[in-house]
Amino acid sequence: MDDIKNMARAAKQRLKNNFWEDCKRNLDAGAYQAREQGLNEVKVKSTLHGRVKSEIKGEKQDEFYLKVKRLLEEEGEVSDALGRLTDRVYYDTLSYEEKQRYTMQLSNKYLKALEKYRKEKEIGI
């Protein structure tokens with residue numbers, strides 16, 4: 001029951017703070033900028049829509065994605081990205097099989113983060 005009350009309070013707070021008007025304004029501004037730059041408006045709107053959804057759900061930005069973004073902005077795509085993103089202290093405690101699994105999972109996360117980064121750069125966010 002507390003969850004429903006908290007969600008209702010959050011919704012009421014969004015209404016009081018003109019959250020939806022701000023969202024609409026940002027969406028229109030993003031679509032206008034996309035049109036001016038010759039970018040796909042649908043992609044921009046979709047990205048902004050996803051951000052609003054995650055903000056409403058209270059999701060925090062993914063720390064791993066922020067690490068990848070920082071790495072890509074500072075040094076570009078490097079050949080040893082997985083090595084730089086590996087948590088060495090944790091990695092050293094793993095068995096051989098666990099290290100292989102960890103590396104594969106890290107690789108998948110990196111590829112997803114890289115794809116997200118490229119999409120954001122493509123639409124200018």
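From a predicted model like this one, the values you see are computed outputs, not experimental measurements.
Separation of atoms CD (Gln100) and OG (Ser95) is listed at 9.5 Å; rounding is to 0.5 Å. Remark: Thr103 OG1 to Asn108 CG distance equals 11.0 Å, nearest 0.5 Å. In this structure, CZ on Arg101 lies 11.5 Å from CE on Met104, to the nearest 0.5 angstrom. How far NZ of Lys119 is from CG of Leu114: 11.5 Å, rounded to the nearest 0.5 Å. The line from CG of Leu85 to CG of Asp80 is 9.0 Å long, rounded to the nearest 0.5 Å.
In this structure, Lys112 places its NZ atom where only 12 or fewer heavy-atom neighbours from other residues, nucleotides or ligands lie under 6.0 Å away.
Residues passing the ring-ring contact (aromatic ring centres under 6.0 Å, His included) test with Tyr102, sequence neighbours excluded: Tyr90, Tyr91. Take Glu74 and apply the salt bridge (Lys or Arg N to Asp or Glu O under 4.0 Å) test, not counting sequence neighbours, and it matches no residue.
In terms of heavy-atom proximity, Lys99 sits nearest to Leu94 at CE-O, 3.3 Å. Taking each heavy atom of Ala113 and Tyr65 in turn, the nearest pair found is O-CE1, 3.5 Å. The minimum heavy-atom distance linking Glu75 with Val78 is given by the pair O-CG1, 3.9 Å. Shortest non-hydrogen contact noted between Leu106 and Leu82 is CD2-O, 3.5 Å.
Note on Lys67 versus Glu63: no salt bridge recorded, every NZ/NE/NH1/NH2 to OD/OE distance being 4.0 Å or above. The existence of a salt bridge linking Arg25 and Asp22 is confirmed by a sub-4.0 Å separation between a basic side-chain nitrogen and an acidic carboxylate oxygen. Of the charged side-chain nitrogens involved, at least one lies within less than 4.0 Å of a carboxylate oxygen, so that Asp28 and Lys24 count as a salt-bridged pair.
Considering only heavy atoms from C-beta on, Lys121 stays 4.5 Å or farther from Lys69 through its side chain. Side-chain contact check for Val68 versus Tyr117: every heavy-atom pair is 4.5 Å or farther apart. Counting heavy atoms from C-beta outward, Ser107 and Leu111 have side chains that approach closer than 4.5 Å. The shortest distance between side-chain heavy atoms of Arg9 and Gln13 does not fall below 4.5 Å.
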With side-chain contact (heavy atoms from CB on, under 4.5 Å) as the criterion, how do Glu98 and Thr93 come out once you've worked through the C-alpha distance, each side chain's angles and the decisive distance to 0.1 Å?
CA-CA 9 Å; Glu98 291 170 331; Thr93 64; over 6 Å; no

